[in-house]
Undergrad: 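Structure incoming, see below.
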Amino acid sequence: MKIDTISEVSRTHFSYDVTTKLNGKEVTLVGWVQEIRDLGGIRFIILQDKTGTIQITIPRKKVGNDVLSKSDFVQKRYSVSVKGIVKETKMSPRGFEVIPNEIKILGTAETQLPLDITGKTPANIEARLDARALDLCSEQNVAIFTIQHHAVEAIRNFLFKEGFLEVHTPRIIASATEGGAELFSVDYFGEEAFLAQSPQLYKEQLVMSLEKVFEVGPFFRAEDSHTRRHLSEFISVDIEQAFSDSIGVMKLLEKVIEQVCSNVNTKCKRELEILNNTLEIPSIPFKRLTYDQVLLDLKKEGIKIEWGEDIPTEALRVLGKLYPQFYFITEWPTNSKAFYIKPYSDTPEKCEGFDLMWKWIEIVSGGSRIARKELLIERLKRKELNPESFKHHLRAFDYGMPPHAGWAIGLERLTMLLTGKENIREVSLYPRDRTRLTP
RNA sequence: GCCUUGGUAGUAUAGUACGGCCUAGUAUAAGCGGCUGUCGCCCGCUAGACCCGGGUUCGAAUCCCGGCCAAGGCGCCA
């Protein structure tokens, strides 16, 4: 059987756009064979495209020889075009079917696929990721990444409206931006360089000129973590704003989250249904808990944490049950946050850093930044970082650094809550983790 | 990095406590044949697997040791 050429094919409708209103009309559909049910005298082909599925019905005695032989030849995952007449009938899943006049075969596929694309025998995450290109064809996965798209769309639109400029900072850097986290090293023309773990230092410098900036892009952490919420390469949505503080950027963040939820809710109704997830639009302002309050709450639950310590995952899970939606944790101990987070001037042991939590997972972290060079150097030393390796960054503070603040959303973590998925690898197209570098 | 659990056809699993009845069962996918209203179609037939290496034993999918791989948890973080 010869493969047909695409040149004569032009799609008139996506599967989802076909309705009973088109009864009797001719449509041309393009997509993939998802399933074939052959009953002998009649054959049903379920055609899939990115919008959904549609039933092609082939009564053996009522179609031409060419249609019959093409439909004999097709297998699951073959790319085809189908030109045919829409026919209303109660016997088909969506109330209509398409009776083909012409089928073109545009591409083939191997017969024994590594995953069951109909979902009758679900594969585990490892097998799915090994065959990710095929896995992504599932209705569920199309729904996940459609939702992620509309989340980013809402973020971009809102930030544009608020006067933010979208920027692109380097991924290849000479030294650690924050210290602490492990970096991937790369050979840069014989010199050691690193993959950026965050745009932090660059976005701070940019507020001196562009005032309000944001960036959406991948960052890299060589942490040896093995959890359902960590990736070695993840997408960060970063903003930084001049002449603002943590209170200001928290208010902005609430609006961003609200916009995301409402955009996804209105544009992704079907996707949410497919994922069996409901999304509430959170009311703002979000609850603000101080670190001290969190410690008190946890004490009541029988969990004791020394002041100044980070909150362990086990405790966060308990906290997530007490506050099962979005909430901020503010006024962190200065030493538990990165060196660039601004301490309160009256109580310097606490800082203007915050985390936005969703249940027990940290979705966003941010804060007011230190704008004074001397204080920044002091904080670097306190964190046992060498100010010398930050000299280019520190110099920027001599050129008119305004007070500023910002935050960073973990896009995959945000997508997890939007889609109801509990494994971050489900919401990353090609996840990179401690043990996975392919595909 | 540490801890726990696991690795059986393309996929998903049963069998492992107490070694023999496992010539390794089932579902689904695949191949062939049949069927005019399926929608997890149905029916018949065919083919397909015990992670690798060593050990114990008359006998190992099953027990022991080593390795590799995975999932989950912790620490760390977005």
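Source: prediction; values computed, not measured. Every chain is numbered from 1 and lettered A, B, ... according to where its sequence line falls, protein lines coming before strand lines. Scope of the values below: all heavy atoms of this structure, side chains included, with no hydrogens, waters or symmetry mates.
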Undergrad: Where along residues 227-240 of chain A does a heavy atom come under 4.0 Å from RNA chain B, residue by residue in number order?
TA: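 Residues of residues 227-240 of chain A that come under 4.0 Å of RNA chain B are, in numerical order, A:Thr227, A:Arg228, A:Arg229, A:His230, A:Leu231, A:Phe234.
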Undergrad: Using whole Å, report how far CG of A:Leu316 lies from P of B:G73.
TA: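 From A:Leu316 CG to B:G73 P: 14 Å.
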Undergrad: List the residues meeting salt bridge (charged side-chain N to carboxylate O under 4.0 Å, His left out) with A:Arg436, not counting sequence neighbours, and say none if there are none.
TA: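 With sequence neighbours excluded, A:Arg436 shows a salt bridge (charged side-chain N to carboxylate O under 4.0 Å, His left out) to A:Asp130, given in chain and number order.
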Undergrad: What is the per-nucleotide protein-contact pattern of nucleotides 31-39 of chain B, from the 5' end, where B denotes a base atom under 4.0 Å from a protein heavy atom, S denotes such proximity for sugar-phosphate atoms only, and - denotes neither?
TA: S---BBBBB
Undergrad: With a 4.0 Å heavy-atom cut-off, tell me which residues in residues 291-306 of chain A come close to RNA chain B, sorted by residue number.
TA: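 Under 4.0 Å from RNA chain B: no residue of residues 291-306 of chain A.
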Undergrad: Residues two or more places apart in sequence or in another chain: which of them pass side chain to side chain donor-acceptor pair (under 3.5 Å) with A:Glu35?
TA: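 If we apply the side chain to side chain donor-acceptor pair (under 3.5 Å) test to A:Glu35, skipping adjacent residues, the hits are A:Arg37.
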Undergrad: Can you tell me the Watson-Crick or wobble partner of B:U62, both distances under 3.5 angstrom?
TA: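 No nucleotide pairs with B:U62.
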Undergrad: Return no unless some side-chain N or O of A:Arg425 is found under 4.0 Å from OP1 or OP2 of B:A71.
TA: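 So the side chain of A:Arg425 is within the cut-off, an N or O lying under 4.0 Å from OP1 or OP2 of B:A71.
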Undergrad: Using distance only, find each side-chain donor-acceptor pair of residues 85-94 of chain A under 3.5 Å and give its atom names and separation, not counting sequence neighbours.
TA:
from    : atom 1 : to      : atom 2 : distance (Å)
A:Thr89 : OG1    : A:Met91 : N      : 3.0
A:Ser92 : OG     : A:Phe96 : N      : 2.9
A:Ser92 : OG     : A:Phe96 : O      : 2.6
A:Arg94 : NH1    : A:Ser15 : O      : 3.1
A:Arg94 : NH1    : A:Thr53 : O      : 2.8
A:Arg94 : NH2    : A:Ser15 : O      : 3.2
A:Arg94 : NH2    : A:Val18 : O      : 3.1

Undergrad: Return a table of donor-acceptor pairs under 3.5 angstrom between the side chains of residues 296-308 of chain A and protein atoms on other chains or two or more places apart.
TA:
from     : atom 1 : to       : atom 2 : distance (Å)
A:Asp297 : OD1    : A:Gln293 : NE2    : 3.1
A:Asp297 : OD2    : A:Tyr323 : OH     : 2.5
A:Trp307 : NE1    : A:Asp292 : OD1    : 2.7

Undergrad: For residues 71-78 of chain A, which side-chain donor-acceptor pairs fall under 3.5 Å, sequence neighbours excluded?
TA:
from    : atom 1 : to      : atom 2 : distance (Å)
A:Ser71 : OG     : A:Arg43 : NH1    : 2.6
A:Ser71 : OG     : A:Val67 : O      : 3.4
A:Ser71 : OG     : A:Leu68 : O      : 3.0
A:Asp72 : OD1    : A:Arg43 : NH1    : 3.3
A:Asp72 : OD1    : A:Arg43 : NH2    : 2.8
A:Arg77 : NH1    : A:Gln48 : OE1    : 3.4

Undergrad: I'd like to check the salt bridge (charged side-chain N to carboxylate O under 4.0 Å, His left out) partners of A:Arg60; sequence neighbours left out, ordered by chain and number.
TA: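 Testing A:Arg60 for salt bridge (charged side-chain N to carboxylate O under 4.0 Å, His left out), a comparison that skips the adjacent residues, returns none.
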Undergrad: To the nearest Å, give me how far apart CD (A:Gln34) and C1' (B:G40) are.
TA: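 Roughly 12 Å, once rounded to whole Å.
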Undergrad: Can you build the contact string for nucleotides 4-11 of chain B? Use B for base contact, S for sugar-phosphate-only contact, and - for no protein heavy atom under 4.0 Å.
TA: ------BB
Undergrad: Cut-off 3.5 Å, no hydrogens considered: what does the side-chain donor-acceptor table look like for residues 410-418 of chain A, sequence neighbours left out?
TA:
from     : atom 1 : to       : atom 2 : distance (Å)
A:Glu412 : OE1    : A:Ile235 : N      : 3.0
A:Glu412 : OE2    : A:Ile235 : N      : 3.0
A:Arg413 : NE     : A:Arg229 : O      : 3.1
A:Arg413 : NH1    : A:Glu362 : O      : 2.9
A:Arg413 : NH2    : A:Arg229 : O      : 2.9
A:Thr415 : OG1    : A:Gln148 : NE2    : 3.0
A:Thr415 : OG1    : A:Leu411 : O      : 2.7

Undergrad: Using the side-chain hydrogen bond (donor to acceptor under 3.5 Å, both in side chains) definition, which of the options A:Glu204, A:His404, A:Glu240 pairs with A:Arg369?
TA: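 Passing option: A:Glu240.
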Undergrad: In terms of side-chain geometry, is the basic nitrogen of A:Asp66 or A:Lys104 positioned less than 4.0 Å from the acidic oxygen of its partner?
TA: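 No, A:Asp66 and A:Lys104 are not salt-bridged.
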Undergrad: What's the CG-C1' distance between A:Leu414 and B:C77, to the nearest Å?
TA: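 Rounded to whole Å, this separation is 17 Å.
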Undergrad: Residues two or more places apart in sequence or in another chain: which of them pass side chain to side chain donor-acceptor pair (under 3.5 Å) with A:Arg317?
TA: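 Expected list: none.
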